[in-house]
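Everything on this sheet refers to the single structure shown next.
Note that ligands are numbered from 1 as they come in the structure, with each ligand's atoms numbered from 1 the same way. Position 1 is the first residue of the sequence, and the numbers go up from there.
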Amino acid sequence: MKCSHELLEAYLDQELDALQIAAVQQHMAECAGCSEDYARLRRQKAGIQAAAPYYSAPAGLLDTVQEELRRASAGKAKSAAQTPWRWLAIAASMLLAASLSWNVLQFRSRQNDLAEAVVTDHIRSVLGSRLVDVPSSDQHTVKPWFAGKVDFAPEVRDLEAQGFSLLGGRVEYLAGRRVAALVYRRRQHVINLFIWPGDSAGGAGASTSRNGYSVLHWTSGPMSYWAVSDISPADLERLRELYK
Ligand SMILES: [Zn+2]
């Protein structure tokens, strides 16, 4: 795909199909210009969302709304001037309740979305022709390779003695940013270990599985880790311990 601001906007607004999404993500992993362009778009959108404040719904909100509805319908003949304001208040209360549940849902679905995204990326990397951009078992080759390609320095560990062979690394576009993907092999299984700063939500590992793939997420310091493979969750847990 060629550079396209319109496609980036459509991607941000989640208007693309799966094929287009894959094409845009692939392009952003390779194109610094579009990657930065997209980051700017995202900041603008986040700025707009941040400027619209969220509130906790007060206890008894539903009762209040229902009471207002009853009073509004009972007294609608009483005061023609007052009624529109009352309806506005009801509409505002309902919007408040809707935005509250929307926030809760978004918070929960973000981790699900990420798990889905890392599994999709893992599958694409294993089935496609691009498993690693820097094929090397040497951590001192792989780590510096990321300099200038991502805006952080991922930790790259040599775990050969522990049964995890480093195959190399590549850059991916996930979670709205460029991330480092380290590729290990354990026995005949490929493991993708995605690393990026942020998304810290406690250091404990959260294990899940998707379509037969094991996914393990943990955080360490400022870094967020996602390990994906078709090996057992216990093997991923072992990798996590070695990375702690
Ligand atoms: Zn581009």
Side-chain angles (χ1 to χ4, degrees), residues 1-52 106 109-136 139 141-156 166-184 190-200 210 213 215 217 219 222-228:
M1 125 178 191
K2 285 182 190 159
C3 298
S4 163
H5 186 78
E6 286 69 31
L7 267 180
L8 294 180
E9 284 188 330
Y11 175 72
L12 180 68
D13 293 333
Q14 301 183 331
E15 290 164 355
L16 301 180
D17 63 33
L19 265 179
Q20 292 173 308
I21 288 170
V24 170
Q25 288 177 337
Q26 170 97 40
H27 180 76
M28 281 195 284
E30 292 160 357
C31 174
C34 284
S35 171
E36 279 156 25
D37 194 13
Y38 180 70
R40 196 163 45 241
L41 282 172
R42 254 183 106 237
R43 279 197 300 275
Q44 282 170 2
K45 191 173 182 177
I48 292 166
Q49 283 172 343
Q106 276 204 317
S109 72
R110 171 146 173 91
Q111 296 296 309
N112 279 334
D113 288 350
L114 283 176
E116 202 78 51
V118 295
V119 168
T120 303
D121 200 274
H122 171 79
I123 295 170
R124 195 162 57 221
S125 76
V126 173
L127 295 183
S129 53
R130 191 175 151 261
L131 182 60
V132 288
D133 288 337
V134 54
S136 172
Q139 67 194 108
T141 301
V142 175
K143 185 177 170 123
W145 178 84
F146 282 106
K149 297 185 178 71
V150 294
D151 56 4
F152 57 95
E155 191 169 356
V156 182
L166 183 63
L167 299 183
R170 64 178 194 283
V171 173
E172 285 292 355
Y173 198 87
L174 278 175
R177 59 166 304 136
R178 295 172 140 214
V179 310
L182 301 180
V183 182
Y184 286 92
V190 169
I191 303 168
N192 266 288
L193 178 60
F194 300 98
I195 307 174
W196 66 87
D199 288 313
S200 310
R210 303 274 156 135
Y213 293 90
V215 182
H217 168 54
T219 59
M223 292 297 178
S224 192
Y225 292 80
W226 288 83
V228 192

(request) Output, by chain and residue number, all protein N/O/S atoms separated from the Zn ion (ligand 1) by less than 2.8 Å. (result) Cys3 SG, His27 NE2, Cys31 SG, Cys34 SG
(message) Quick one, Arg210 and Asn112 - any side-chain contact, counting heavy atoms below 4.5 Å?
(response) yes
(request) Supply the atom-to-atom distance Leu193 CG to Glu155 CD, rounded to the nearest 0.5 angstrom. (result) 10.0 Å
(request) Report the distance from atom OH of Tyr38 to atom CG of Leu7, rounding to the nearest 0.5 Å. (result) 12.0 Å
(request) Drop me the distance from Ile191's CD1 to Leu166's CG, to the nearest 0.5 angstrom. (result) 11.0 Å
(message) Do Arg124 and Asn192 pair up side chain to side chain, a donor and an acceptor below 3.5 Å, judged on atom types alone?
(response) no
(request) Drop me the distance from Phe194's CZ to Ser125's OG, to the nearest 0.5 angstrom. (result) 6.0 Å
